[in-house]
Amino acid sequence: MYNQSSRAIYLQIVDRIFDMILAGEYAEGGRVPSVREIAATLEVNANTAMRAYDTLTTLGVIHTERGKGFFVSPGARDKVISARRDELNRQVLPSIFRQLSLLSVTPADLADAFSTFLNNTNDTNITQ
């Protein structure tokens, strides 16, 4: 796994699993790779992968079944959406709103730009 941001690697793994859950690659009740599998696939230390899984478990997104492995928890998709929206509201939007204000972009301009984006995108996951 390439550390392409200043974000901790274990959080990048959490983000990746969030993305896979949102994309339907990991369904509720479905198995996720073991810590060793994910560490080998992403070429990270197993302790880093375990830290990501601990975080996902604490968030209620995955759970363990003794002797079977890790599985996506019921309601995980909703929890991921909630976590992502919270992060968006706390960390991303304030910076964007500052820039929009500095550039004198009005709420109507923003609404028009977002509508255009949605109309032109081919990614159906964005509108779900």
Side-chain angles (χ1 to χ4, degrees):
M1 178 173 208
Y2 300 105
N3 185 5
Q4 297 180 352
S5 75
S6 60
R7 193 162 168 90
I9 294 173
Y10 84 94
L11 292 174
Q12 293 179 50
I13 296 169
V14 169
D15 287 339
R16 184 179 183 135
I17 292 174
F18 276 7
D19 290 344
M20 295 175 99
I21 289 170
L22 291 176
E25 294 177 46
Y26 294 150
E28 290 183 12
R31 186 180 175 278
V32 296
S34 70
V35 170
R36 287 184 184 178
E37 290 169 332
I38 198 101
T41 300
L42 301 178
E43 299 177 349
V44 299
N45 185 290
N47 291 331
T48 301
M50 189 64 220
R51 188 168 181 194
Y53 276 38
D54 285 343
T55 300
L56 291 162
T57 300
T58 300
L59 293 171
V61 173
I62 64 172
H63 65 277
T64 59
E65 293 183 14
R66 189 175 172 106
K68 294 183 180 180
F70 288 92
F71 294 83
V72 178
S73 298
R77 189 173 199 287
D78 291 338
K79 290 174 184 172
V80 169
I81 289 170
S82 178
R84 285 273 174 92
R85 285 184 177 174
D86 182 55
E87 182 177 10
L88 179 74
N89 287 327
R90 284 185 302 103
Q91 296 179 5
V92 178
L93 288 178
S95 175
I96 291 171
F97 290 155
R98 273 190 292 283
Q99 288 299 311
L100 291 171
S101 177
L102 289 171
L103 297 171
S104 301
V105 175
T106 67
D109 294 336
L110 185 58
D112 288 344
F114 188 58
S115 291
T116 299
F117 169 79
L118 290 177
N119 289 332
N120 292 331
T121 187
N122 291 326
D123 186 353
T124 57
N125 289 331
I126 289 176
T127 58
Q128 291 180 352

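- The side chain to side chain contact (heavy atoms under 4.5 Å, CB included) test applied to Ser73 returns His63, not counting sequence neighbours.
- Arg16 is listed as a side-chain neighbour of Leu42, based on a closest heavy-atom distance under 4.5 Å.
- The salt bridge (charged side-chain N to carboxylate O under 4.0 Å, His left out) search around Arg85 returns none, not counting sequence neighbours.
- In this structure, the salt bridge (charged side-chain N to carboxylate O under 4.0 Å, His left out) partners of Glu87, at least two apart in sequence or on a different chain, are Arg7.
- With sequence neighbours excluded, the residues that form a ring pair (Phe, Tyr, Trp, His ring centres under 6.0 Å) with Tyr53 are Phe70.
- Evaluation of the salt bridge (charged side-chain N to carboxylate O under 4.0 Å, His left out) rule for Glu28 yields no partner, not counting sequence neighbours.
- Applying the side-chain hydrogen bond (donor to acceptor under 3.5 Å, both in side chains) test to pairs two or more places apart or on separate chains, those with a residue in residues 106-117 are Thr106-Asp109.
- Listed here is the closest heavy atom pair of Ala76 and Val61: CB-O, 3.5 Å.
- Closest of all the heavy-atom pairs between Ile21 and Arg77 is CG2-CA, 4.0 Å.
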(request) Using the side-chain contact (heavy atoms from CB on, under 4.5 Å) rule, take Phe18 and Leu56 through it: C-alpha gap first, then chi angles, then the decisive distance, then the call. (result) CA-CA 9 Å; Phe18 276 7; Leu56 291 162; 3.6 Å; yes
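- More than 12 heavy atoms of other residues, nucleotides or ligands shown are found within 6.0 angstrom of CZ on Arg31.
- Using a 4.5 Å heavy-atom threshold, the side chains of Arg98 and Ser101 count as separate.
- Closest approach of Ile13 to Ala49, counting heavy atoms only: CD1-CA, 4.2 Å.
- Nearest heavy-atom pair, Leu88 versus Pro94, reported as atom, atom and distance to 0.1 Å: O-CD, 4.2 Å.
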